[in-house]
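Heads up, the thing below is written out as structure tokens.
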Amino acid sequence: MGKERIYLSSPTMHGDEQRFVNEAFETNWIAPLGPNVNAFEKEMAEYTGCGHAAALSAGTAAIHLALRLIGIQPGDVVFSSDLTFSATCNPICYEKAVPVFIDAEEKTWNMDPDALEAAFEKYPDAKAVICAHLYGTPAQIGRIREICDRKGVPLIEDAAESLGSTFQGRMTGCFGDIGIYSFNGNKIITTSGGGMLVSANEEYVDKARFLSTQARDAARYYQHSQLGFNYRMSNITAGVGRGQLLHIEEHKRKKQEIYRQYREAFADIPAIAMNPLNPDGEANNWLSCITIDPACGVVPDRVMDVLSDENIETRPIWKPMHMQPIFAGADFFTKDGSRKGADGRSVQSLDLSAPAESVGAKIFYHGLCLPSDIKNTPEDMERIIGLVRGLFV
Ligand SMILES: *Cc1c(COP(=O)(O)O)cnc(C)c1O
């Protein structure tokens with residue numbers, strides 16, 4: 001008999017979700033509107049303290065609307081985190097604006113504020129910054145906020161992976177002019193698919209609701225003066241979200257415990273380093289990741305293969321955006337300045353012992369995400385840890 005699969009991060013339902021969904025069925029609110037949507041928005045605004053919230057069909061839709069709300073035009077330069085999922089920056093291209101990528105820093109794996117400063121020197125007219133909080137570790141968002149304020153440029157905070165993480169006591173997602181969250185299937189809480197746009201600016205949030213429901217004018221007939229989108233969250237989906245939100249603190253505690261267990265288990269292996277935390281904040285530890293010192297001879301692929309043979313799911317670190325074939329030619333900034341042109345080569349063709357050309361590339365080459373499913377049993381954790389340790393000791 002095969003061993004039962006251990007997942008990277010799968011949905012964990014509690015029963016409350018079903019209750020809210022049943023209510024929607026019983027009242028026949030099977031629409032992209034309704035009491036669950038309104039309540040979920042209110043509850044998210046309260047939980048995060050970000051002010052106001054608009055429930056949308058995806059985190060990606062929220063980033064797209066954020067760019068529209070701040071008025072990004074074709075040709076505008078928008079700075080984006082480089083080491084992230086492509087959803088962070090794809091909406092820049094939906095608007096025919098120009099993404100410019102900012103390297104990660106060792107300290108948090110997030111946008112390097114010094115590299116951002118370097119990018120503003122070359123592009124003083126950049127129109128927005130999108131900063132992600134990777135794997136739930138808060139970025140140095142205070143410094144990034146300060147740079148954006150000094151330059152007079154709006155900040156969009158991609159908190160898709162960091163719902164519940166804080167920086168200096170405030171929730172990530174609340175530092176940007178606009179913040180976004182995702183409820184995709186493997187995020188810390190899920191609605192199967194969905195997203196939320198949050199802002200202290202109520203006008204932005206009202207406008208997001210308007211744009212997400214096809215931008216219908218307040219007229220008797222179907223009249224449109226602006227380009228609309230079908231991006232609203234449904235009342236069924238929002239019911240799942242309401243049930244999940246009741247359990248977010250519990251999910252967070254379990255994720256933090258998984259991180260602690262891995263950190264302790266690998267503490268005596270100098271070749272393994274955990275993904276960083278931010279001492280100025282608290283991470284939700286959405287995914288626990290490691291990097292492996294290339295000098296020790298164990299490559300991440302080897303760890304992934306060994307775990308995969310035991311039916312255990314892992315994931316590579318996000319491949320940096322400047323290395324993506326689709327963004328070939330995009331400008332890219334490390335803290336030492338700009339380097340144009342994408343490195344679209346596959347990892348397999350790379351000499352992993354050669355020094356990486358950026359911090360993000362280095363993390364990508366030498367890192368991987370370990371199973372961080374909150375349903376992992378102590379025996380599951382022991383098995384994963386034993387298999388990884390077996391490669392090093
Ligand atoms: C998941 C994710 C998104 C996109 O969210 P969707 O809800 O899947 O559209 C955006 N940015 C980051 C960093 C993510 O991990």
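For ligands, and for the atoms within them, numbers begin at 1 and follow the listed sequence.
- Some N or O of T60 is nearer than 3.5 Å to an N or O of ligand 1, by distance alone.
- In terms of protein heavy-atom proximity, atom 14 (C) of ligand 1 is nearest to K187 NZ, 3.4 Å.
- Comment: D114 engages R143 in a salt bridge, judged by a side-chain N to carboxylate O separation of less than 4.0 angstrom.
- Of all atoms in ligand 1, numbered sequentially from 1 with element shown, those under 4.0 Å from a heavy atom of T84 are 13 (C).
- Atoms of ligand 1 lying under 4.0 Å from at least one heavy atom of G194, given by number and element, are 7 (O).
- Note on ligand 1: H133 sits outside its first shell, no heavy atom being nearer than 4.0 Å.
- Within the 4.0 Å heavy-atom cutoff, G193 does not count among the residues contacting ligand 1.
- Of the protein's non-hydrogen atoms, the one nearest atom 8 (O) of ligand 1 is N184 ND2, 3.0 Å.
- The N/O atoms of A87, backbone and side chain alike, include none that comes under 3.5 Å of an N/O atom in ligand 1.
- The SG atoms of C50 and C174 are placed within less than 2.5 angstrom of each other.
- Less than 4.0 angstrom separates some heavy atom of A160 from each of these atoms of ligand 1: 2 (C), 3 (C), 10 (C), 11 (N), 12 (C), 14 (C).
- Using a 4.0 Å cut-off between a side-chain N of Lys or Arg and a carboxylate O of Asp or Glu, K207 and E203 do not qualify as a salt bridge.
- Here the heavy atom of the protein found nearest to atom 11 (N) of ligand 1 is D158 OD2, 2.7 Å.
- Taking the ring axis of Y259 as reference, the NZ or CZ atom of R263 does not stay both within 45° of it and closer than 6.0 Å to the ring centre.
- When hydrogens are left out, the protein atom nearest atom 5 (O) of ligand 1 is S182 OG, 3.2 Å; that is the closest non-hydrogen contact.
- Open room surrounds CZ on R302; 12 or fewer heavy atoms of other groups in view lie less than 6.0 Å from it.
- Among all non-hydrogen protein atoms, the one lying nearest atom 15 (O) of ligand 1 is E161 OE2, 2.6 Å.
- Heavy-atom contacts of G59 reach the following atoms of ligand 1: 5 (O), 6 (P), 7 (O), 9 (O) (cutoff under 4.0 Å).
- Here the shortest heavy-atom pairing between D373 and S10 reads OD2-OG, 2.5 Å.
- A salt bridge between R260 and E257 is present, with a side-chain N of the basic residue lying under 4.0 Å from a carboxylate O of the acidic one.
- At most 12 heavy atoms of other shown residues, nucleotides or ligands fall within 6.0 angstrom of atom OH in Y7.
- Taking a cutoff of 4.0 Å between a charged side-chain nitrogen and a carboxylate oxygen, E41 and R232 qualify as a salt bridge.
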